[in-house]
Every structure is written in structure tokens, then in C-alpha cells.
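As C-alpha cells, the structure follows; a few thoughts come after it.
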Amino acid sequence: MKQRWVQRSRIAFGLAVVLLVFVAETTVADHHQPNPATRVVWAVLGIAAVVLLGTAAWCRWKAGRTA
């Protein structure tokens with residue numbers, strides 16, 4: 001059971017990293033071709049990344065408590 005929580009934690013952390021890379025990419029793209037919707041995209045990606053980082057931390061904590 002512990003392995004399942006560790007695996008979920010790693011998946012959530014990996015997805016959060018991917019979303020943060022997307023934020024960085026849209027930052028560069030916004031410098032080349034500004035778009036008013038960019039702020040909304042940043043907000044959505046950022047919130048999703050924070051939720052996934054929280055999920056990863058919770059799953060890691062849960063794995064530590066599971067025997």
C-alpha cells in the first residue's frame with residue numbers, strides 16, 4: 001500500500017513540474033507575441049501546479065504513515 005502512495009506522489013510532482021515548464025514557456029511566448037489571455041493561462045496553470053504539489057506532499061505524508 002505504501003508503494004501506491006509513493007507512486008501517486010511522484011506522478012503528482014511530475015505533473016506539477018510539467019505545468020511549471022508550461023508557465024515558463026508561456027512567459028517567453030508572451031514576450032514575443034503578447035496576448036491578453038496569457039494572464040488567465042498563467043493563473044490556471046499556476047493554481048493547478050500548486051494543487052498538484054499539495055497533492056504530492058499529502059501522498060508522500062500518507063506513504064510515511066502507512067505501514
Side-chain angles (χ1 to χ4, degrees):
M1 190 68 167
K2 180 177 180 176
Q3 288 295 76
R4 291 177 78 187
W5 289 111
V6 171
Q7 183 181 16
R8 289 176 185 172
S9 173
R10 289 180 181 162
I11 290 170
F13 182 75
L15 288 174
V17 169
V18 169
L19 291 178
L20 291 173
V21 169
F22 285 159
V23 168
E25 191 276 329
T26 56
T27 302
V28 173
D30 187 56
H31 287 288
H32 292 286
Q33 189 173 10
N35 187 342
T38 303
R39 309 290 189 245
V40 175
V41 172
W42 289 338
V44 170
L45 290 174
I47 290 170
V50 168
V51 167
L52 284 169
L53 287 173
T55 302
W58 183 78
C59 287
R60 182 64 68 166
W61 173 79
K62 188 80 169 169
R65 292 182 48 97
T66 304

- Task: Spell out, yes or no, whether L19 and L15 are grouped together once hydrophobic residues are joined by side-chain heavy atoms under 4.5 Å, including indirect joins.
- Result: yes
- Item | Residues that R39 engages under salt bridge (charged side-chain N to carboxylate O under 4.0 Å, His left out), provided they are two or more places apart | D30
- Task: Return the minimal non-hydrogen interatomic distance between V23 and T26, and the atom names on each side.
- Result: O-OG1, 2.9 Å
- Message: I'd like to check the side-chain hydrogen bond (donor to acceptor under 3.5 Å, both in side chains) partners of W61; sequence neighbours left out, ordered by chain and number.
- Response: none
- Message: Applying a strict under-4.5 Å side-chain criterion to I, L, V, M, F, W and Y, I'd like to know whether I11 and V6 cluster together.
- Response: no
Please set out all donor-acceptor pairs under 3.5 angstrom arising from side-chain atoms of residues 46-60, sequence neighbours excluded.
from	atom 1	to	atom 2	distance (Å)
T55	OG1	V51	O	2.9

- Task: Hydrophobic side-chain clustering at under 4.5 Å (ILVMFWY, transitive links): who's grouped with V40? Put none if nobody.
- Result: V44
- Task: Just grab all the salt bridge (Lys or Arg N to Asp or Glu O under 4.0 Å) pairs involving residues 7-21, residues at least two apart or on different chains.
- Result: none
- Note on the structure: So the ring pair (Phe, Tyr, Trp, His ring centres under 6.0 Å) pairs with at least one residue in residues 15-54 (sequence neighbours excluded) are none
